[in-house]
**Student:** 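Take a look at this one; I'll ask things after.
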Amino acid sequence: MNLKFISWNVNGLRAIVNKGFVESFRQLDADFFCLQETKMQQGQLDLTFEGYESYWNYAERKGYSGTAIYTKHHPLQVTYGCRIDNEKITDTDDEYLRMHTEGRVITLEMEHFYLVTCYTPNSQDGLKRLQQRVKWEKHFLRYLQSLEKQKPVIVCGDLNVAHKDIDLRNPKTNHGNPGFTDEEREQMTKMQAAGFIDTFRFFYPDKENIYSWWSYRFHAREKNIGWRIDYFLTSQSLKDNLTDAKILTDYEGSDHCPVELDINI
């Protein structure tokens, strides 16, 4: 079965609905459509699409973070957050614990794979959340590996890191900034070393000047001064099933654009 996956950080679903999101959603016609940074609470927007079920994870803090998945295919099970079976989060760091209340992860269990959408915490100005973010990523990788023991995993979302110099326009001047610190990049390296394929680089290892996020300042998108921080990663066991990965830069409405994975399962 050929399946199409879309992931998009919409930077506020209520806002992007007024910027052509419904038309874009229908045009993209994905089997699975994953959203990050919905910035909503339950009941604030009734956005349904014929033929789709939807699942939502809301942040406790109003107007912040949040994820959602629209799917044409009914899942076997849906879970929210990244709790690992038989593992309690006993950390005493309040900021780290807060990350687990921000609606950042949804997992759909399908017959042949798990689909996980994630909005990775930003390290924030002054890197004040870097330590907690690295701790989050270590936990998140263990979570993915716990799923992978049962069946292959497809993980997507705004992972808030440009992995290599090729993944942002100005690597030298941005080195050490949130999203391009050595610590954050190392976590992405570890995820790939654990067997998760960066599907865009799998197909286009040397493709330059294609990004998924641009600052709203300084006409960055117009000048294509951007970062590639939105991903589809898959288990190594799905390598032969991959058919294409795309960054859909023509779609606007957010400071991010959608990214796509096409796979035959």
Side-chain angles (χ1 to χ4, degrees), residues 5-22 24-25 28 30 32-49 52-71 75 77-83 89 94-109 114-125 128-129 132-133 135-137 139-140 143-144 147 154-161 178-179 212-216 227 229-233 251-260:
F5 297 77
I6 293 288
S7 176
W8 197 354
N9 178 320
V10 292
N11 194 9
L13 185 57
R14 287 172 294 166
I16 200 174
V17 161
N18 297 317
K19 301 176 183 177
F21 175 76
V22 172
S24 296
F25 184 99
L28 287 165
F32 299 89
F33 204 119
C34 302
L35 306 179
Q36 303 88 42
E37 206 171 0
T38 54
K39 295 184 177 180
M40 285 175 44
Q41 303 305 121
Q42 189 170 8
Q44 286 188 311
L45 181 68
D46 183 17
L47 185 61
T48 61
F49 294 94
Y52 286 89
E53 303 173 13
S54 63
Y55 301 92
W56 302 78
N57 196 0
Y58 304 101
E60 291 182 4
R61 175 180 166 186
K62 292 183 179 179
Y64 184 74
S65 189
T67 50
I69 300 179
Y70 287 87
T71 172
Q77 183 176 345
V78 182
T79 55
Y80 303 93
C82 50
R83 186 174 298 278
I89 300 173
D94 288 344
E95 193 65 26
Y96 172 68
L97 294 175
R98 193 173 294 115
M99 291 176 173
H100 289 274
T101 69
E102 293 173 344
R104 294 186 174 276
V105 179
I106 302 173
T107 302
L108 303 190
E109 180 183 358
Y114 286 99
L115 172 62
V116 182
T117 194
C118 177
Y119 178 37
T120 299
N122 190 294
S123 295
Q124 299 188 348
D125 292 341
K128 61 184 179 182
R129 238 184 174 193
Q132 292 88 351
R133 182 239 170 90
K135 193 183 297 185
W136 161 279
E137 292 208 78
H139 175 86
F140 185 61
Y143 172 69
L144 297 180
L147 297 178
I154 299 168
V155 55
C156 70
D158 175 1
L159 303 188
N160 254 320
V161 61
S212 65
W213 174 81
W214 305 260
S215 170
Y216 280 133
W227 299 48
I229 60 176
D230 300 88
Y231 295 81
F232 272 99
L233 309 175
Y251 285 85
E252 300 184 352
S254 169
D255 51 351
H256 296 248
C257 72
V259 296
E260 177 180 336

**Student:** Who pairs with Ser7 by side-chain hydrogen bond (donor to acceptor under 3.5 Å, both in side chains), at least two apart in sequence or on another chain?
**Tutor:** Gln36

**Student:** Mind checking whether Arg104 and Thr120 have side chains closer than 4.5 Å, heavy atoms only?
**Tutor:** no

**Student:** So, taking the atom named CD1 in Ile106 and the one named CG in Asn57, what distance separates them when rounded to the nearest 0.5 Å?
**Tutor:** 5.5 Å

**Student:** Over 60° means perpendicular and under 30° means parallel, so tell me whether Trp8 and Phe33 are parallel, tilted or perpendicular.
**Tutor:** tilted

**Student:** Are Leu108 and Tyr114 close enough that some pair of their side-chain heavy atoms sits under 4.5 Å apart?
**Tutor:** no

**Student:** With rounding to the nearest 0.5 Å, note down the distance linking CE in Met99 to SG in Cys82.
**Tutor:** 11.0 Å

**Student:** Side-chain contact, heavy-atom cut-off 4.5 Å: Val259 with Phe232?
**Tutor:** yes

**Student:** Where do Glu102 and Arg129 land on the salt bridge (Lys or Arg N to Asp or Glu O under 4.0 Å) test, with the steps shown first?
**Tutor:** CA-CA 14 Å; Glu102 293 173 344; Arg129 238 184 174 193; 2.7 Å; yes

**Student:** For residues Pro75 and Glu109, determine if any side-chain heavy atom of one lies less than 4.5 Å from a side-chain heavy atom of the other.
**Tutor:** no

**Student:** To the nearest 0.5 Å, what is the distance between OG (Ser54) and CG (Leu47)?
**Tutor:** 8.0 Å

**Student:** Side chains of Val155 and Leu144: does their closest heavy-atom pair fall under 4.5 Å?
**Tutor:** yes

**Student:** For a quick test of reading the model, state the closest non-hydrogen atom pair linking Asn160 to Pro121 and the distance between them.
**Tutor:** ND2-C, 4.0 Å

**Student:** Got a second to check how far Leu233's CG is from Ile154's CD1, nearest 0.5 Å?
**Tutor:** 11.0 Å

**Student:** Please report the closest heavy-atom contact between Thr79 and Gln77, naming both atoms and the distance.
**Tutor:** CG2-NE2, 3.6 Å

**Student:** State the SG-CG distance between Cys156 and Leu115, to the nearest 0.5 angstrom.
**Tutor:** 5.5 Å

**Student:** What's the shortest heavy-atom distance between Pro178 and Asn122, and which atoms?
**Tutor:** CB-OD1, 3.9 Å

**Student:** Does any non-hydrogen side-chain atom of Leu13 lie less than 4.5 Å from one of Leu45?
**Tutor:** yes

**Student:** What's the separation between atom OH in Tyr80 and atom OH in Tyr58, rounded to the nearest 0.5 Å?
**Tutor:** 9.0 Å

**Student:** One pair to check against salt bridge (Lys or Arg N to Asp or Glu O under 4.0 Å): Lys39 and Glu37. What are the steps and the verdict?
**Tutor:** CA-CA 5 Å; Lys39 295 184 177 180; Glu37 206 171 0; 3.8 Å; yes

**Student:** When you measure from the side chain of Glu60 to the backbone of Gly103, do you find a donor-acceptor pair of N or O atoms at a distance under 3.5 Å?
**Tutor:** no

**Student:** For Arg98, check side-chain hydrogen bond (donor to acceptor under 3.5 Å, both in side chains) against everything at least two apart and list the hits.
**Tutor:** Glu95

**Student:** Indicate yes or no: at least one non-hydrogen side-chain atom of Ser212 is less than 4.5 angstrom from one of Ile229.
**Tutor:** yes

**Student:** Looking at every non-hydrogen atom in both residues, tell me the closest pair between Tyr251 and Pro258 and how far apart they are.
**Tutor:** CB-CD, 3.5 Å

**Student:** Identify the heavy atoms of Ile6 and Glu260 that sit nearest to each other, and give their distance.
**Tutor:** CD1-CB, 3.7 Å

**Student:** Identify, with sequence neighbours excluded, every residue that meets ring pair (Phe, Tyr, Trp, His ring centres under 6.0 Å) alongside His100.
**Tutor:** Tyr96, Trp136, His139

**Student:** For Thr117 and Cys34, which heavy atoms make the closest approach, and how far apart are they?
**Tutor:** OG1-CB, 3.4 Å

**Student:** Yes or no on side-chain hydrogen bond (donor to acceptor under 3.5 Å, both in side chains) for Tyr55 and Thr71, after CA distance, side-chain angles and deciding distance?
**Tutor:** CA-CA 9 Å; Tyr55 301 92; Thr71 172; over 6 Å; no

**Student:** Mind checking side-chain hydrogen bond (donor to acceptor under 3.5 Å, both in side chains) for Thr38 and listing every partner two or more places apart, or none if nothing turns up?
**Tutor:** none

**Student:** Is it true that Trp213 and Asp230 share a donor-acceptor pair across their side chains at a distance under 3.5 Å?
**Tutor:** no

**Student:** Can you sort out the partners of Glu252 under side-chain hydrogen bond (donor to acceptor under 3.5 Å, both in side chains), two or more places apart, ordered by chain and number?
**Tutor:** none

**Student:** Do the side chains of Val116 and Phe140 get nearer than 4.5 Å, heavy atoms only?
**Tutor:** yes

**Student:** Verify, without hydrogens or angle tests, whether Tyr216 (side chain) and Asp255 (backbone) share a donor-acceptor contact under 3.5 angstrom.
**Tutor:** yes

**Student:** Quick one: list whatever passes ring pair (Phe, Tyr, Trp, His ring centres under 6.0 Å) with Tyr70, sequence neighbours left out.
**Tutor:** Phe25, Phe49, Trp56

